*Asks:* 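Right, I'll just put the structure down here and ask away after.
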Amino acid sequence: MRYADLHLHTYHSDGTRSPTEVIDLAVKLDLQIIAISDHDNVAAFHEIRDYAAERAVLLIPAAELSANHSGVDVHILAYAFDPDDERLATRLAELRSARARRGETMVDRLRALGYPITLDRVKELCGDGALGRPHVARALVEQKVVSSVSEAFDRFLKPGKPGYVGKESFEVSELLKLVHASGGLTSVAHPTLYPRQQTIVREVLESGVDAIEVYHPDVDSGSRTTYQRIAREMGKFVTGGSDDHGTVKKAETIGSIRVPENLIEPILARVSDRRAG
Ligand code: AMP
Ligand code: FE
Ligand code: FE
Ligand code: ZN
């Protein structure tokens, strides 16, 4: 039996590891199937597909996308799409540009309030990845405005706080059309992290999301059972991943989630179909 971690971030979004570090860790932790699901970015897949293959790690094309559903920012994981699909690539590039502009607005607001962060430093922390609030948070930590990334979110970066700026995102229907047209499947990420969670999760599944991420550090065993039942009732499958971001979050989580390969058969089937075709 092979084991999978289908939710990992690198420095191509708001994680701190490089893609090769992630592969090396996967090998060490005995994970044979992984998906690097950077926010709005598939760069890691293109960068290390050969590196992964040489180490017998099955690397699944993936991304974590934000979708607006009735005003709630729902994260939807996309898997096993054609990594060279041009429409998807164009839309993701647009979203990354919007993220860069939003980063500038966040920095402007915080500087106007007198906090000494700079756009240059935020851009440096982000590199060529998708800019997110964690990069602004890290700049605030460096300047000792706050003592941790989570304090930065609590005081400045959550909705309603002075540094918060909303982000351009997909509508769920647009996201599903794009991912499905490029041969991919979708899963609703970390189902317990939304307001009115069960209603929201059921609604996005009704709109056509294919799976629920029931294995995740923020899903406890009681909720896991609930969402496994919901998936079964609605004819959906389940996925899982550690949502590791390296050292940016309180804990490094890679290795904490191991999903047996038989559960994610629909995703594996798409990957092998593409290889055969
Ligand atoms: P953004 O994509 O810019 O809206 O930022 C969202 C990202 O910030 C998520 O993917 C998480 O990685 C991170 N995040 C969200 N809330 C928190 C929090 N309270 N503490 C630390 N990181 C967080
Ligand atoms: Fe993130
Ligand atoms: Fe997420
Ligand atoms: Zn994530």
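The shown structure was predicted, so the numbers you read here are calculated from the model rather than taken from an experiment. Atoms within each ligand, like the ligands themselves, are counted from 1 in listed order.
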*Asks:* Is the contact between Glu64 and ligand 1 made by the side chain, the backbone, both, or neither, using heavy atoms and a 4.0 Å cut-off?
*Replies:* neither

*Asks:* So do the side chains of Tyr194 and Asp73 get within less than 4.5 Å of each other, counting heavy atoms only?
*Replies:* no

*Asks:* Less than 3.5 Å between some nitrogen or oxygen of Lys158 and one of ligand 1, yes or no?
*Replies:* no

*Asks:* May I ask you to check whether Arg133 has an N/O atom sitting below 3.5 Å from an N/O atom of ligand 1?
*Replies:* yes

*Asks:* Closest to the Fe ion (ligand 2), which N/O/S atom of Asp14 is it?
*Replies:* OD2

*Asks:* Below 4.0 Å, non-hydrogen atoms only: which portion of Asp154 touches ligand 1? Side chain, backbone, both or neither.
*Replies:* neither

*Asks:* Check whether any side-chain N or O of Asp244 sits under 3.5 Å from a backbone N or O of Thr253 as a donor-acceptor pair, and report yes or no.
*Replies:* yes

*Asks:* With a 4.5 Å heavy-atom cut-off, do Arg109 and Tyr115 have their side chains touching?
*Replies:* no

*Asks:* Need the ligand 1 atom indices (1-based, order shown) with element for anything under 4.0 Å from a heavy-atom of Lys249.
*Replies:* 11 (C), 12 (O), 22 (N)

*Asks:* Heavy-atom pairs closer than 4.0 Å: do any link ligand 1 to the side chain of His39, the backbone, both, or neither?
*Replies:* side chain

*Asks:* Are the charged groups of Glu94 and Arg91 less than 4.0 angstrom apart, N to O?
*Replies:* yes

*Asks:* Using a heavy-atom cut-off of under 4.0 Å, does the side chain or the backbone of Arg102 touch ligand 1, or both, or neither?
*Replies:* side chain

*Asks:* Could you identify the N, O or S atom of His39 positioned closest to the Fe ion (ligand 2)?
*Replies:* NE2

*Asks:* Which residues and atoms, protein N, O or S only, are under 2.8 Å from the Zn ion (ligand 4)?
*Replies:* His7 NE2, His9 NE2, Glu64 OE1, Asp243 OD1

*Asks:* Give a yes or no on whether the backbone of Glu213 and the side-chain of Ser187 come within a donor-acceptor separation of less than 3.5 Å.
*Replies:* yes

